[in-house]
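Note that this is a predicted model, so its numbers are computed, not measured. Counting starts at 1 for both ligands and their atoms, following the listed order.
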Amino acid sequence: MSNFNANDSKVRCGIYLCQVNEEISCGACCGLYNVVNPSYESIMEMLTWRTDTFSHVKREMDAILAFKEEVEDREPQERPFPDFHHCPYIGLVGKEHSRVGCLLHPLFDENKSIDFRGLSFYGGMACRVYFCPTYNNLPAVFKEIVRETASNWYAYGLVITEAKLLNTIFEEVAKRLNRPLTANSLLKNNGCLETVRELLDLKINWPFRRKTSSGPANYFFEDQLYSRPSINYEAIGGSVSRHDILLQELESQFNSANELHAAEDLIDGLINKVIGQVDRLKTEG
Ligand code: SF4
């Protein structure tokens, strides 16, 4: 898969999100994170095994279906979202196997241009035409910022489907900057880029995620089969937070008002750091 940017012109809203470059891609709609252990290490082990094993599989229907059985025997089949299909054909793609992708895709070298996606659960057509709600629900400038700042495919795929979270973060940054956000203003400074990355990585590292959460996986389909509970501020004697949407999207739970304030300070600290870095750049420029 080369010439990634050429795909921008082929998708709705002009920014291609699924395969960004050699290292950044997403497999969230294939259920990548809908696994018992969604840590980077565990998912990497799973994908590496699949990719290595699949490299010895004959490209014939029976062998490809037998591979699926082998994967499903080997891996726990309990899911945080039981009605969200997890595709056993997600693996590592690219010359160096440096990003997540589909082992049945025609551009996967060993498939010699043959599209085997018809053998998957959703079938080839669904895989070809599906685009997640982020394509419609996130402005192009925010998409660009996320594509450019993601630390790796794991972090990127977790956050890119979080349209509400991303809109809330970037709108808050723009509000405090008192002008519209441009990708350039955040990305042309390494310090700022690092801080935006830190802000987006809250999705992975959030210390206030409620104990009963199914982890960082996101059910983002529009049928809203699974939704995120609202935060019970009354239980800690507090009022609704100024960051209520962010806190809910991060699946937070607080045991005390102090914990809530610590969470708000953490978010404010990172947003203000971004503002400071953008403003400094403007002054120096
Ligand atoms: S979840 Fe969205 S960005 Fe990710 S692969 Fe699916 S359609 Fe592409």
Side-chain angles (χ1 to χ4, degrees), residues 1 3-35 38 40 43 46-47 50-51 79-81 83-94 97-108 115 117 120-167 169-170 183 200-201 203-204 214-226 228 249:
M1 297 196 189
N3 198 11
F4 296 86
N5 287 346
N7 289 318
D8 280 352
S9 58
K10 297 182 191 151
V11 294
R12 223 182 297 157
C13 307
I15 303 277
Y16 185 54
L17 299 172
C18 306
Q19 297 280 321
V20 174
N21 60 38
E22 282 299 332
E23 267 93 39
I24 302 293
S25 61
C26 175
C29 60
C30 314
L32 174 65
Y33 305 102
N34 191 22
V35 288
Y40 173 79
I43 287 187
M46 173 184 88
L47 298 179
R50 289 181 187 182
T51 309
R79 308 277 170 208
F81 305 114
D83 294 310
F84 180 3
H85 180 66
H86 169 94
C87 182
Y89 297 110
I90 319 170
L92 295 170
V93 301
H97 291 171
S98 51
R99 66 182 189 277
V100 70
C102 178
L103 297 175
L104 303 181
H105 197 284
L107 290 179
F108 188 57
D115 189 347
R117 289 176 294 178
S120 71
F121 176 81
Y122 289 117
M125 177 58 105
C127 295
R128 270 192 296 277
V129 302
Y130 177 77
F131 290 106
C132 68
T134 297
Y135 272 91
N136 282 334
N137 299 343
L138 198 67
V141 56
F142 299 170
K143 288 176 185 161
E144 260 187 90
I145 293 169
V146 181
R147 281 200 319 190
E148 297 300 319
T149 48
S151 348
N152 52 41
W153 58 260
Y154 176 82
Y156 175 73
L158 275 173
V159 85
I160 194 61
T161 64
E162 297 281 358
K164 198 169 174 185
L165 178 77
L166 293 169
N167 274 317
I169 290 177
F170 293 128
L200 300 186
D201 282 352
K203 163 72 190 162
I204 301 174
S214 41
N218 179 19
Y219 186 82
F220 48 86
F221 300 97
E222 277 162 344
D223 61 11
Q224 296 179 347
L225 200 55
Y226 306 93
R228 291 175 168 154
E249 292 307 295

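Counting only heavy atoms from C-beta outward, the side chains of D83 and Y226 approach each other to under 4.5 Å. Taking 4.5 Å as the limit, some side-chain heavy atom of F81 sits within range of a side-chain heavy atom of S214.
Protein N/O/S atoms closer than 2.8 Å to atom 6 (Fe) of ligand 1, listed by chain and residue number, are C29 SG.
T161 is linked by a side-chain hydrogen bond (donor to acceptor under 3.5 Å, both in side chains) to N218, counting only residues two or more places apart in sequence or in another chain.
Relative orientation of the F170 and F142 rings is tilted, given thresholds of 30° and 60° on the angle between their planes. Taking the six-membered ring where the residue is Trp, Y40 and W153 present tilted rings, their angle falling between 30° and 60°.
One N or O on the side chain of T51 and one on the backbone of L92 form a donor-acceptor pair closer than 3.5 Å.
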